[in-house]
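Reviewing the structure listed below.
Atoms within each ligand, like the ligands themselves, are counted from 1 in listed order.
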Amino acid sequence: MPVTLHDKTFDTYLSSETIQQKIAELAAQLNEAYAGKRPLFVPILNGSFMFAADLFKHLTIEAEVSFIKLASYKGMKSTGHVVTSIGLDHDLFGRDVVIVEDIVDTGKTLHDFLPQLQHQQPASLKIVTLLHKAEATKHPLAIDYVGFVIPDKFVVGYGLDYDGLGRNLKEIYQLQVAY
Ligand code: IMP
Ligand code: MG
């Protein structure tokens, strides 16, 4: 069933079952990769809250979580944005850190933010994202765990929003193509 949010209509793209199956697979990979360790998962709000919650339920390893929010500021210079994190209250030194993202689009957010985390000298720093718009990449990143590679079309649902709405949907929807 299509959904309308604000002025736009979206069609179902990934069902709840498809999403949950993929999350179980990602968690199985993480359980294996981090066996015997105690990784710190760092989900980036707001979009990743739902993915992080479902992923966490499937983890059987010892794991910690610390949600953060990123805020971008226009820099003093015209060279771009400075990204600061709100809520990162864990020391990352020597930790196995896993960034949890709902979607990596151009890669700019993580490209700008990762150096700040590297600066704290974690033992390892990996990325897990539910969705990856591979065609939209402008800032290449090594993404270690990807749920779905999707086309460069706007999606909502399962934590992702269109102007504030749609985060509560259990499925992921794609912007309807206008003919
Ligand atoms: P970036 O381009 O990789 O920096 O992605 C920036 C952010 O844009 C993501 O974390 C999402 O919050 C948002 N975003 C990118 N593509 C979509 C989309 O299709 N739907 C909803 N939000 C998106
Ligand atoms: Mg996001």
Minimum heavy-atom distance F148-L14, with the two atoms named: CD1-CD1, 3.8 Å
Sidechain-backbone polar pair: S15 side chain, T18 backbone, donor-acceptor under 3.5 Å: yes
Atoms in ligand 1 with a heavy atom of K133 nearer than 4.0 Å: 16 (N), 17 (C), 18 (C), 19 (O)
Pairing of R95 and D91 as salt bridge, 4.0 angstrom limit: no
Any L5 side-chain heavy atom under 4.5 Å of Y173 side chain: no
Side chain, backbone, both or neither: K138 near ligand 1, heavy atoms under 4.0 Å: neither
Closest to atom 12 (O) of ligand 1 (judged by heavy-atom distance), picking from D112, D102, L45: D102
For L160, the ligand 1 atoms whose distance to one of its heavy atoms is below 4.0 Å: 21 (C), 22 (N)
With sequence neighbours excluded, residues passing side-chain contact (heavy atoms from CB on, under 4.5 Å) with P2: T9, D11, Q176
Subset of ligand 1 atoms that lie under 4.0 Å from at least one heavy atom of D161: 21 (C)
V104, any N or O under 3.5 Å of ligand 1 N or O: no
With sequence neighbours excluded, residues passing ring-ring contact (aromatic ring centres under 6.0 Å, His included) with H6: Y162
Interfacing atoms of ligand 1 (cut-off 4.0 Å, heavy-atom, T109): 1 (P), 4 (O), 5 (O), 6 (C)
Any I103 heavy atom less than 4.0 Å to ligand 1: yes
G107-ligand 1 polar pair, N/O distance under 3.5 Å: yes
For the student: nearest non-hydrogen atoms of K153 and K133, plus distance: O-CE, 3.2 Å
